[in-house]
**Student:** 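Following this message is one structure expressed as structure tokens.
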Amino acid sequence: MAAVLMLRGSARLLYKPRKVHAASIAMVCSRAMASKTPVGFIGLGNMGNPMAKNLVKHGYPVVAYDVFPEAGKEFQDSGAQVMDSPAEVAEKADRIITMLPSSLNAVEVYTGANGILKKVKKGSLLIDSSTIDPAVSKELAKAVEKMGAVFMDAPVSGGVGAARAGNLTFMVGGVEQEFDAAKELLTCMGSNVIYCGEVGTGQAAKICNNMLLAISMIGTAEAMNLGIRFGLDPKLLAKILNMSSGRCWSSDTYNPVPGVMEGVPSANNYQGGFGTTLMAKDLGLAQITATNTKTPVPLGSLAHQIYRIMCAKGYALKDFSAVFQFLREEENL
């Protein structure tokens, strides 16, 4: 979701790159005034909803938009402004965060007929936390720059639980001089905010992370399934894995086996969390990047195939950890 991190009037100039002394004064002023200026948030889905709520908790007035009106209703009930288009958000706020499902959605929200760029103010800071093609991020940055604003890509890792707790990791790409301004907002939603380099590098880091996540989740699901079929108790097996060299996030924090952990999608019929469709999309982005850079990713390619098959087999709306259920049911893979 795009966050425009600029202040109104003369204060807006404080975010423009300048000498160190002036920049330091600008940061002090921005902190003092930040809570008085609105933050736009576009995309109130499984991740965007709790992220926007954390901004509200930190005292930021939120101006929100989602393509599905019902998604914005609870924000409206809590006093937040809900707009009818991204353009209206850009008209009200000069700090905007976008959190969208795909590259196509991002392009539409920024450059569409009612997109952000129709009403964006000069000097605005737009932060996109969607996971999209790095090449698309670079094109959006160019379009935003032409309007006199600043674009940064800042995809996240940590899942819905971390979004609710405000413990997300943000991987940020863009103009380094604007990083502190972006970080001021992002630290309201995450415990780790890391500068990766120019626009697109945040997306590159996120794509690498999600490819590894998919591979490790499939491996965890296979190992758990194998052990269960050998007669091992799933909780005991998970305990052993998590004190051994096979331990990983998929086994100790997001275990895919129902009944092993509470508070994860596998304990709720794989509802909520990070959807299989989105994982398949991210793995597709990894494949495109691998092709463009001539990088061999055989396990990443196999993971992509498995998640695409899952989408075709009725798992599209389930959390990506449902790969365990898929493997249990698909005897002929």
Side-chain angles (χ1 to χ4, degrees), residues 46-47 131 156-165 167-169 192 205-287 290 295-333:
N46 287 340
M47 293 293 291
T131 299
V156 305
S157 179
V160 174
R164 289 173 181 154
N167 292 329
L168 290 167
T169 292
N192 299 296
K206 172 62 186 291
I207 289 169
C208 291
N209 177 78
N210 275 22
M211 184 177 74
L212 178 58
L213 174 60
I215 293 168
S216 68
M217 180 57 77
I218 293 169
T220 299
E222 289 184 352
M224 292 296 295
N225 188 31
L226 178 62
I228 291 168
R229 291 194 178 190
F230 261 120
L232 288 168
D233 176 77
K235 286 188 177 181
L236 174 64
L237 178 56
K239 181 179 179 180
I240 292 169
L241 293 176
N242 292 334
M243 61 176 61
S244 305
S245 56
R247 179 181 181 180
C248 63
W249 188 85
S250 296
S251 67
D252 72 0
T253 303
Y254 211 81
N255 198 284
V257 181
V260 169
M261 295 182 68
E262 295 296 326
V264 294
S266 61
N268 187 37
N269 193 30
Y270 301 105
Q271 300 302 306
F274 185 63
T276 294
T277 299
L278 293 176
M279 179 56 85
K281 181 263 294 184
D282 288 357
L283 289 168
L285 294 175
Q287 293 302 297
T295 305
V297 287
L299 293 182
S301 297
L302 288 172
H304 187 214
Q305 290 181 41
I306 288 171
Y307 278 101
R308 287 183 65 190
I309 293 170
M310 286 178 65
C311 289
K313 292 279 189 176
Y315 291 84
L317 300 181
K318 289 184 177 291
D319 180 74
F320 81 107
S321 62
V323 66
F324 172 78
Q325 186 180 58
F326 171 72
L327 292 172
R328 293 276 287 178
E329 296 176 354
E330 296 295 326
E331 302 284 351
N332 299 320
L333 282 179

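Quick note: residue numbers are just sequence positions, from 1.
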**Student:** Work out which heavy atom in Leu237 is nearest to a heavy atom in Ala223; give both atom names and the distance.
**Tutor:**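 Scanning both residues completely, I find the closest heavy atoms to be CD2-O, 3.8 Å.
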
**Student:** Search all heavy atoms of Met261 against all heavy atoms of Thr253 and return the closest pair with its distance.
**Tutor:** CE-O, 3.4 Å

**Student:** Can you sort out the partners of Asp233 under side-chain contact (heavy atoms from CB on, under 4.5 Å), two or more places apart, ordered by chain and number?
**Tutor:** Lys235, Leu236

**Student:** For the pair Met224 and Leu241, evaluate side-chain contact (heavy atoms from CB on, under 4.5 Å) and give the outcome as yes or no after the intermediate values.
**Tutor:** CA-CA 9 Å; Met224 292 296 295; Leu241 293 176; 3.7 Å; yes

**Student:** Any chance you could measure Phe326, atom CZ, to Ile218, atom CD1, to the nearest 0.5 Å?
**Tutor:** 9.5 Å

**Student:** Determine the minimum heavy-atom distance between Tyr270 and Pro258, stating which atoms define it.
**Tutor:**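 The answer is OH-CD, 3.3 Å.
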
**Student:** Under the rule for side-chain contact (heavy atoms from CB on, under 4.5 Å), what residues qualify as partners of Asn268, not counting sequence neighbours?
**Tutor:** Gln271

**Student:** Would a distance-only check, ignoring hydrogens and angles, find a side-chain to backbone donor-acceptor pair under 3.5 Å from Arg229 to Arg328?
**Tutor:** yes

**Student:** For a 4.5 angstrom cut-off between non-hydrogen side-chain atoms, does Arg308 reach Leu283?
**Tutor:**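 No, side chains not in contact.
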
**Student:** Shortest non-hydrogen contact from Leu168 to Gly159?
**Tutor:**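 Reported closest heavy-atom pair: CD2-O, 3.7 Å.
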
**Student:** Under the side-chain hydrogen bond (donor to acceptor under 3.5 Å, both in side chains) rule, collect the residues that match up with Thr295, sequence neighbours excluded.
**Tutor:** Thr293

**Student:** Going by salt bridge (Lys or Arg N to Asp or Glu O under 4.0 Å), name the pairs with one or both residues in residues 216-228, residues two or more places apart or in two chains.
**Tutor:**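 Qualifying pairs: none.
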
**Student:** So, using side-chain hydrogen bond (donor to acceptor under 3.5 Å, both in side chains) as the criterion, who are the partners of Thr220 when residues are at least two apart?
**Tutor:** none

**Student:** Identify, with sequence neighbours excluded, every residue that meets side-chain hydrogen bond (donor to acceptor under 3.5 Å, both in side chains) alongside Asn192.
**Tutor:** Thr169

**Student:** Applying salt bridge (Lys or Arg N to Asp or Glu O under 4.0 Å), which residue pairs with at least one partner in residues 252-277 are found, sequence neighbours left out?
**Tutor:**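 Counting only pairs at least two positions apart or across chains, the salt bridge (Lys or Arg N to Asp or Glu O under 4.0 Å) contacts touching residues 252-277 are Arg247-Asp252.
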
**Student:** Give the table of side-chain donor-acceptor pairs shorter than 3.5 Å for residues 209-217, with sequence neighbours excluded, one pair per line with atom names and distance.
**Tutor:**
from   : atom 1 : to     : atom 2 : distance (Å)
Asn209 : ND2    : Ser157 : OG     : 3.3
Asn210 : ND2    : Asp282 : OD2    : 2.7
Ser216 : OG     : Leu212 : O      : 3.3
Ser216 : OG     : Leu213 : O      : 2.9
Ser216 : OG     : Ser250 : OG     : 3.2

**Student:** Please report the interatomic distance CG(Leu232) to CD1(Ile240), rounded to the nearest 0.5 Å.
**Tutor:**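 If I round to the nearest 0.5 Å, the distance is 6.5 Å.
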
**Student:** Looking at Ala221, is its backbone amide N or carbonyl O close enough to the side chain of Asn225 to form a donor-acceptor pair, meaning the two atoms are under 3.5 Å apart?
**Tutor:** no

**Student:** Of all residues at least two apart in sequence or in a different chain, which pass the side-chain hydrogen bond (donor to acceptor under 3.5 Å, both in side chains) check with Gln325?
**Tutor:**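 With neighbours one apart ignored, the set is empty.
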
**Student:** Ring pair (Phe, Tyr, Trp, His ring centres under 6.0 Å): which pairs involve residues 206-234, sequence neighbours left out?
**Tutor:** none

**Student:** Between side-chain atoms of residues 311-319 and protein atoms elsewhere (two or more places apart, or another chain), which donor-acceptor pairs fall under 3.5 Å?
**Tutor:**
from   : atom 1 : to     : atom 2 : distance (Å)
Tyr315 : OH     : Glu329 : OE1    : 2.6
Lys318 : NZ     : Asn269 : O      : 3.4
Asp319 : OD1    : Tyr254 : OH     : 2.7
Asp319 : OD1    : Phe274 : N      : 2.7
Asp319 : OD2    : Ser321 : N      : 2.9
Asp319 : OD2    : Ser321 : OG     : 2.5

**Student:** Of all the heavy-atom pairs spanning Val156 and Met47, show the shortest one and how long it is.
**Tutor:** CG2-CE, 3.7 Å

**Student:** If the condition is side-chain contact (heavy atoms from CB on, under 4.5 Å), which residues does Ser301 pass it with, not counting sequence neighbours?
**Tutor:** Gln287, Val297

**Student:** What closest approach, in Å, do Ala238 and Asn255 show between heavy atoms, and which atom pair accounts for it?
**Tutor:**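 Ala238 and Asn255 have their closest heavy atoms at CB-ND2, 3.9 Å.
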
